Amino acid sequence: MIKEKIIGKLRVVPGKGVNLKKIETGWAQNEELKAYEKGAVKEQAIKILEANRLSLTSSQELLWANNTHSVLIVLQGMDTAGKDGTIRHVMSGMNPQGCKVCSFKVPTTDETEHNFLWRYSRDLPRRGEIGVFNRSYYEDVLVVKVHPGILDNQQLPPGKRGEKFWNARYDDINAFERHLVRNGTLILKFFLHISKDEQKKRILERLETEEKHWKFSLADLAERTFWDEYQKVYETMFAKTSTDEAPWYIIPADYKWVARTLVADIVSTQIQSLGLKYPEVSVEQLKQIESAREQLKNE
Ligand code: AMP
Ligand code: MG
């Protein structure tokens, strides 16, 4: 019951403007939920996560058996938003043979020698697989839009980097996704939404806990100073690229148990909505099975 109340609100309605400041990052997504006690919501969330892990395992098997569809999970979020932890939790019950996680960093020279979507196309999941993009082609309209100087080293044809340029990128992304969807890819896009205060807490934790030192990057502090710019480019990105075929979900992520449960739930529900069934065995195949069984028994 709690679950239904939350999930309907997370999907970004195509074409609709988003004001991130007005969207909860905490555990109480709406007024009704605030009436519940936090502990009770957490308890239920953990149960839902467990149930979803089980259903994901069987959904994955169906995907694999059919070999007609693939799932592409796109994860975006500010530094420390919890992308890695979410992947770890959501994928934990899956068969590694049918999953693939790709983390995208600053593009290499080889990558910038190609069109911007090239490196992402190379790593798309095969039919039957679940692929996770830890950061994605959306970086090319996020970090690159916040720091357009990045484009100077990318061998692009000359021209203004104004609204027309960015609109063309959103168009390219929508066309790319439409192509994938038409070819049997289920695309699920998640933005892990944390507050600026929560990010401060998490960066401080990395600085103050010896075991977390390795996670700290000076670049995170530098990017934090562009917080407002990032929120703005995220908002534009949602308005331009949340589509019926590939919608964005904005996931409140200040509490890791909330984010992980919601992502797992949406992934498992959406895979189920593909309505996949185990492939039917033909009469001919049944005969072969029968005769193989006889052959082995009589060996
Ligand atoms: P992390 O995910 O913390 O390992 O950091 C990866 C870094 O690579 C982030 O700072 C991203 O902004 C950056 N990055 C990822 N994709 C791109 C891209 N297409 N262009 C520029 N920087 C990128
Ligand atoms: Mg980082």
Side-chain angles (χ1 to χ4, degrees), residues 72-91 100-124 131-156 161 165-166 168-174 176-177 189-196 198-209 211-238 240-241 248 251 253-254 256 259 263:
L72 175 63
I73 299 172
V74 170
L75 273 183
Q76 288 289 156
M78 299 293 286
D79 293 312
T80 76
K83 298 185 284 293
D84 301 273
T86 303
I87 294 171
R88 215 169 39 242
H89 276 76
V90 175
M91 311 293 272
K100 176 170 160 176
V101 180
C102 300
S103 299
F104 292 99
K105 314 278 178 191
V106 177
T108 62
T109 313
D110 187 35
E111 289 168 344
T112 55
E113 289 282 339
H114 294 83
N115 58 310
F116 83 95
L117 289 171
W118 179 75
R119 65 173 183 157
Y120 309 100
S121 327
R122 268 188 318 176
D123 279 327
L124 288 170
V132 181
F133 279 4
N134 182 357
R135 301 187 190 269
S136 64
Y137 40 89
Y138 283 103
E139 290 293 328
D140 295 85
V141 291
L142 292 167
V143 63
V144 184
K145 198 170 176 188
V146 171
H147 304 287
I150 293 176
L151 292 170
D152 298 342
N153 301 318
Q154 300 201 342
Q155 312 297 119
L156 293 175
R161 311 303 181 203
F165 173 84
W166 296 110
R169 285 210 161 184
Y170 299 124
D171 280 353
D172 287 345
I173 288 175
N174 288 335
F176 178 61
E177 292 186 342
K189 307 186 290 199
F190 299 101
F191 169 62
L192 301 184
H193 184 32
I194 53 168
S195 65
K196 199 174 177 189
E198 180 61 23
Q199 190 194 52
K200 180 175 174 181
K201 234 171 80 190
R202 292 185 187 181
I203 297 179
L204 271 176
E205 218 174 285
R206 290 180 179 186
L207 294 171
E208 286 166 358
T209 320
E211 297 77 49
K212 290 194 176 177
H213 280 357
W214 64 273
K215 285 192 186 180
F216 175 71
S217 149
L218 206 54
D220 293 355
L221 267 195
E223 288 313 286
R224 182 176 161 78
T225 63
F226 292 94
W227 184 274
D228 292 340
E229 286 85 344
Y230 271 104
Q231 302 289 298
K232 227 176 86 203
V233 291
Y234 265 111
E235 287 172 354
T236 312
M237 179 196 82
F238 294 132
K240 300 276 186 183
T241 64
W248 273 103
I251 305 291
D254 278 357
K256 290 172 180 171
V263 171

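Quick caveat: nothing in here was measured; it's all calculated off a predicted structure. Whatever order the structure lists them in is the order used to number ligands and atoms, beginning at 1.
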Notebook entry, point to check: Looking at Arg122 and Glu111, does any basic side-chain N land under 4.0 Å from a carboxylate oxygen?
Noted result: yes
Which N or O atoms of ligand 1 sit under 3.5 Å from a protein N or O, and how far apart is each pair?
| residue | atom | partner | partner atom | Å |
| --- | --- | --- | --- | --- |
| ligand 1 | 2 (O) | Arg135 | NE | 2.6 |
| ligand 1 | 2 (O) | Arg135 | NH2 | 3.3 |
| ligand 1 | 4 (O) | Lys105 | NZ | 2.5 |
| ligand 1 | 8 (O) | Val106 | N | 3.3 |
| ligand 1 | 12 (O) | Glu139 | OE1 | 3.3 |
| ligand 1 | 16 (N) | Lys105 | O | 3.4 |
| ligand 1 | 16 (N) | Arg119 | NH2 | 3.2 |
| ligand 1 | 19 (N) | Arg119 | NH2 | 3.2 |
| ligand 1 | 19 (N) | Tyr120 | OH | 3.4 |
| ligand 1 | 19 (N) | Asp140 | OD1 | 3.4 |
| ligand 1 | 19 (N) | Asp140 | OD2 | 3.3 |

Check: Does any N or O in the side chain of Arg202 come within less than 3.5 Å of the main-chain N or O of Asp254, such that one atom is a donor and the other an acceptor?
Finding: yes
Check: Do Phe226 and His147 have ring centroids that are under 6.0 Å from one another?
Finding: yes
Next item on the list: Please identify each residue that fulfils side chain to side chain contact (heavy atoms under 4.5 Å, CB included) with Lys215, with sequence neighbours left out.
Entry: Arg206
Margin query: When you compare the side chain of Thr241 with that of Tyr138, does any pair of heavy atoms fall below 4.5 Å?
Written below: yes
Notebook entry, point to check: Out of Val90, Ile87, Thr86, which residue meets the side chain to side chain contact (heavy atoms under 4.5 Å, CB included) rule with Val132?
Noted result: Ile87
